[in-house]
Participant: 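Let me begin by handing over the structure; questions about it come next.
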Protein chains: 2
Amino acid sequence: MSTRKDYHHGDLRDALLLAAEKQLSEEGPAGLSLRKLGRDLGVTPGAPYRHFEDKDALLAALATIGFQRLRATMLKEQKECVTGEERLRSGGIGYLKFAWKHPELFRLMFGWMPAREAPELHESGDAAFALLVDMLRQCEREGLLRQTALDAGLLAWSAVHGAAFLMIDGGLKLCGTEPDPEIVGDRVHRSLWSGIARHPVSVETGKESPASAPA
Amino acid sequence: MSTRKDYHHGDLRDALLLAAEKQLSEEGPAGLSLRKLGRDLGVTPGAPYRHFEDKDALLAALATIGFQRLRATMLKEQKECVTGEERLRSGGIGYLKFAWKHPELFRLMFGWMPAREAPELHESGDAAFALLVDMLRQCEREGLLRQTALDAGLLAWSAVHGAAFLMIDGGLKLCGTEPDPEIVGDRVHRSLWSGIARHPVSVETGKESPASAPA
DNA sequence: TTATAATGTCAACACTGTTTACAAAAAAAT
DNA sequence: ATTTTTTTGTAAACAGTGTTGACATTATAA
């Protein structure tokens, strides 16, 4: 939207965010310096402080953008899905695609979320989660779940979130899986959907459900 | 073990690690400064460099200790378990307990693992994962799994790892769950074990398995 | 045109990680 | 026991950082 491309620099705030994201993805969070950002943009060290109260504020803004993009990626991925299960599967793959494409940003989002208050950060984070709950509510409406949407949501989010971290941290090599979002997402979805136990078990009692007891 | 309590300071290396962990847990990774550590221990800024090549090296050592403790916590938690399923459940709860008790250290462990090479870091990390695989192999031997140990391991680790992050980042409030390791672990285990789909589905084909099709 | 607010410069402060040359103490070698 | 060597810590310095305050400049509004 960028309603102001005037003033001294033109649009420093956005330029800072853009450069910051680039620097973050190229050199990690340690190599992200406000002074360096200013230098690259041809501006003095004090200038960024007219747009961000703090270095943390800059990072919080970056994380906020990240959450919005995460949500957008999930939405785009599930654009043509109809079934709740399809949406869940595709949404998860979108989640993994985002983490795989922006690993440092992803880590920033979940490593700083609690530190800074930053209301807009929490809003965008909650919005991303609301999308997941939506997907599961649809599954619930379609009678696909054997538990509540929130119960299933806990496992679904945990699984996809954990898989994302394992992917970007290289932990998947230990599982004998290619770190490809489509492949991992598909595998996680299938296991998640059907459970890992050979004989289905009642969620409430923990006992085998009689319907599928072996011969 | 601490075979050397002599020299100038006594045992600076261990003292540094101890103080670093305290500082990390109290003020987060941003407030962790080598100079401040030295100051607190009554030692000059250059001293730590006799024990750690780098600040990153100090952090890597810290993370290594973290992995060893993580493994120990899981082992302790499943000490009296016999069934593979019980071990899996308790191991997961141990994982969550560790993350809940040392959130900053936990984040450090999985936010720096890939950055620094640090062979000992990878060793300790792999050792922790090997424990999980062990648990699933036992499940496999007992005929409890409907898929390979590695397949199940991917989901199991993802789920517990993700749940840990959600706990320490406050994401669980959105799931309507208390952030208690035992409760979360139990819920995740049950969903994980039995799947979230109402009608069990073949892992290979994705079609409903005939054994439990509804009337 | 003038007043005002927004934006950027400049110079400084306190702090950090890190290196270098040096001193002291402990361990090893004689 | 004395000398040599290695380990450990000190001292002083360098470059770089986040951050602040007083000032200049420019765009916006009156």
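Numbers restart at 1 for each chain; the letters A, B, ... are given by sequence-line order, proteins then strands.
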Participant: Charged N to carboxylate O under 4.0 angstrom, A:Arg69 versus A:Glu21?
Facilitator: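 Between A:Glu21 and A:Arg69 there is a salt bridge, with a charged N closer than 4.0 Å to a carboxylate O.
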Participant: Quick one: is A:Arg39 getting a side-chain N or O under 4.0 Å of the D:dT17 phosphate, OP1 or OP2?
Facilitator: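 Indeed, a polar side-chain atom of A:Arg39 lies that close.
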Participant: Tell me: CG of A:Asp40 to P of D:dG16, nearest whole Å?
Facilitator: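 After rounding, the gap between these two atoms is 14 Å.
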Participant: Is A:Asp169 salt-bridged to A:Arg107, going by a charged N under 4.0 Å from an acidic O?
Facilitator: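 So A:Asp169 pairs with A:Arg107 through a salt bridge.
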Participant: Does one side chain, of A:Ser191 or B:Gln147, offer a donor that lies under 3.5 Å from an acceptor on the other?
Facilitator: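 Yes, B:Gln147 and A:Ser191 have a side-chain donor paired with an acceptor closer than 3.5 Å.
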Participant: How long is the line joining CG of B:Asp14 and P of D:dT8, in whole Å?
Facilitator: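 So the two atoms are 12 Å apart, to the nearest Å.
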Participant: Taking atom P of C:dA6 as reference, at what distance in whole Å does atom CG of A:Asp11 sit?
Facilitator: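 Atom-to-atom, A:Asp11 to C:dA6, this comes out as 16 Å.
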Participant: CG of A:Asp54 versus C1' of D:dT20: gap in Å, rounded?
Facilitator: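 Between C1' of D:dT20 and CG of A:Asp54: 12 Å.
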Participant: Expressed in angstrom and rounded to an integer, what is the separation of B:Tyr49 atom OH from D:dA13 atom P?
Facilitator: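 One finds 19 Å between P of D:dA13 and OH of B:Tyr49, rounded.
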Participant: Can a side chain N or O of B:His51 be found less than 4.0 Å away from OP1 or OP2 on D:dT7?
Facilitator: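 No, outside the criterion.
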Participant: For the backbone of B:Thr73 and the side chain of B:Glu77, can you confirm whether one donor and one acceptor N or O come within less than 3.5 Å of each other?
Facilitator: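 A pair under 3.5 Å: no.
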Participant: Both A:Arg50 and A:Pro45 contact DNA chain D. Taking the nearest nucleotide for each, which residue is further toward the 5' end?
Facilitator: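 Upstream on the strand: A:Pro45.
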Participant: Just the rounded figure in Å: distance from P of D:dG16 to CD of A:Glu27.
Facilitator: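 Atom-to-atom, A:Glu27 to D:dG16, this comes out as 14 Å.
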Participant: Taking atom C1' of C:dC15 as reference, at what distance in whole Å does atom NZ of B:Lys55 sit?
Facilitator: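 Whole-Å distance recorded here is 12 Å.
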Participant: On DNA chain D, does the nearest nucleotide to A:Gly46 precede the nearest nucleotide to A:Ser33 from the 5' side, or the other way round? Give the residue.
Facilitator: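 Taking each residue's closest nucleotide, the earlier one in sequence belongs to A:Ser33.
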Participant: Output the rounded distance in Å from NZ (A:Lys36) to P (D:dG18).
Facilitator: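 In whole Å, D:dG18 P and A:Lys36 NZ are 12 Å from each other.
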Participant: Would the base of D:dG16 count as contacting A:Arg35 through its side chain, where contact means a donor and an acceptor less than 3.5 Å apart?
Facilitator: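 No pair found.
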